[in-house]
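Note sheet for the following structure.
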Amino acid sequence: MTVRLARAFGGAFAAVVWLATAGGCTGPTEGPARGAAVYATCQPCHGADGEGNRVVEAPPIAALPGWYIEAQLRKFREGARGDHPADSAGLKMRAMARTLSSETDLMAMVGYVSSMPATKPVAVLTEGDAARGKTLFAVCAACHGLDGAGNEALKAPPIRAAADWYLVAQIQKFRAGIRGADPLDLTGQQMAPMAKTLPDEQAVYDVVAHIVTLAR
Amino acid sequence: MIETFLAQASTYAKDIDNLFTLIAVLVGFWLLVAEGIFFYFIFRFRARDGQKAEYITGEEKHQKRWINIPHVLVLLCDVAIIIAAVRVWVDVKQTLPPAEETIRVIGQQWAWTFMLPGADGKLDTPDDIVTVDELHIEVGRSYQFELQAKDVLHSFSVPVFRLKQDAIPGRTILGWFKPILTGVYDIQCAEICGIGHGIMGARVHIEDAEQHALWLSSHQPVQYAAAQP
């Protein structure tokens, strides 16, 4: 009887240990494999291929430059971006960025996302006038480039492959002081006054309609 | 007993703990009695050589009393629990004591936004103070809260207050609390609300009058309504 009990408890203990180790307590610790593992947290919103999902306000992120992804993740983690009460998408991303508890995971994630094949978002907005937007884009081109390819030296990200709905939302946030108002967000503070040079809401749509044409 | 593990930081936390204790004691008593009799019978009427098992229908009076007497006693305990529970429910959920201050609590994926009325004592005015994941309140002050959800179901849970209230999109739900201890305690979401539910935590800072006045004076109002995208 005693031997049976001991065997039963021993078996149960072994099962618990096996479940604990097989159930996710182990896995890759660095490199692309680690990046892929950590990306599982992002996938529900940003998609398996980093293509984004407008329904949950998650932009396409595949193939964004590593320096930009890293900077934004750090801003979200530190509260420099996404901590305004009216920034619903930012508040979501802020919480998720804080799950990246280690530098290794953060950099693995950066490497993984920046190495994803680029996706081409479908334009969904029709309100803008691209011809009028081309004139307005002159201000943006100073940092983001005439072709919208971005400029790392100026910390200006590429925008030509961004989703139009995301660009509109971000420019609106910069204009309203929802993004780029935090003293810790130095590049955001540069972008906010630029966004405010657009004369009205229609101009936001116009300039984004022009940016969409740069990807063609 | 519960306060050993979790502070009682609101006026009604003790009432809820007492209710928990009452339920645990009564239910625990009957659990022990039932299990005790169960195991005694297993031992007392265990298999013996030469004794055949007997089927008992339970219709004899001396057999039925094993059911009837505990049944009546358990029902009496149920009545005691119901009376105690209704009294606490009425005090906590059905009664809204006059507020010294009304605040707004907004749940959204995956953050808590808190709106304090500022110097004018009214919400939705320019001097409102809005904070994210940080609620600053004054000890000994009676608060009413307007609970809202922006996107999906959430539940505003402050364990030290023994407060848990669902937040439902499209509805404003009123509630109240009166903090009685200073300190910093957890706020959590107690309703599965998406992949970030588990990290939707915040902190309540319960301050004395002097500390709270200092915090208020150092905090800039946020044009929340005007800042809506």
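All chains are named by letter (A, B, ...) in the order of the sequence lines, taking the proteins before the strands, and each is independently numbered beginning at 1.
- More than 12 heavy atoms of other residues, nucleotides or ligands sit less than 6.0 Å from atom NZ of A/Lys196.
- Within a 6.0 Å radius of CD1 in B/Ile67, other residues, nucleotides and ligands contribute 12 heavy atoms or fewer.
- Atom CG in A/Asp83 sits 11.0 Å away from atom OG1 in B/Thr131 (nearest 0.5 Å).
- With a threshold of 4.5 angstrom between heavy atoms, B/Asp151 does not approach chain A through any atom at all.
- Crowding of B/Lys122 atom NZ: a count of heavy atoms from other residues, nucleotides or ligands under 6.0 Å not exceeding 12.
- In this structure the side chain of B/Val130 never reaches within 4.5 angstrom of the side chain of A/His84, judged on heavy atoms.
- Atoms OG and CD, on A/Ser88 and B/Gln109 in that order, are 9.0 Å from each other to the nearest 0.5 Å.
- For the atom pair CD of B/Gln108 and CG of A/Leu91, the computed distance is 4.5 Å after rounding to the nearest 0.5 Å.
- Contact of A/Arg94 with chain B is made through the side chain alone, with heavy-atom distances under 4.5 Å.
- No more than 12 heavy-atom neighbours from other residues, nucleotides or ligands sit within 6.0 angstrom of CH2 on B/Trp89.
- If you take CH2 on B/Trp110 and CZ on A/Arg98, they are separated by 14.0 Å, rounding to the nearest 0.5 Å.
- A pairwise comparison of heavy atoms in B/Ile195 and A/Thr41 identifies CD1-O, 3.7 Å as the closest pair.
- When the shell of 6.0 Å around CZ of B/Arg48 is examined, it contains more than 12 heavy atoms from other residues, nucleotides or ligands.
- Atom CD of B/Glu210 has 12 or fewer heavy atoms from other residues, nucleotides or ligands within 6.0 Å.
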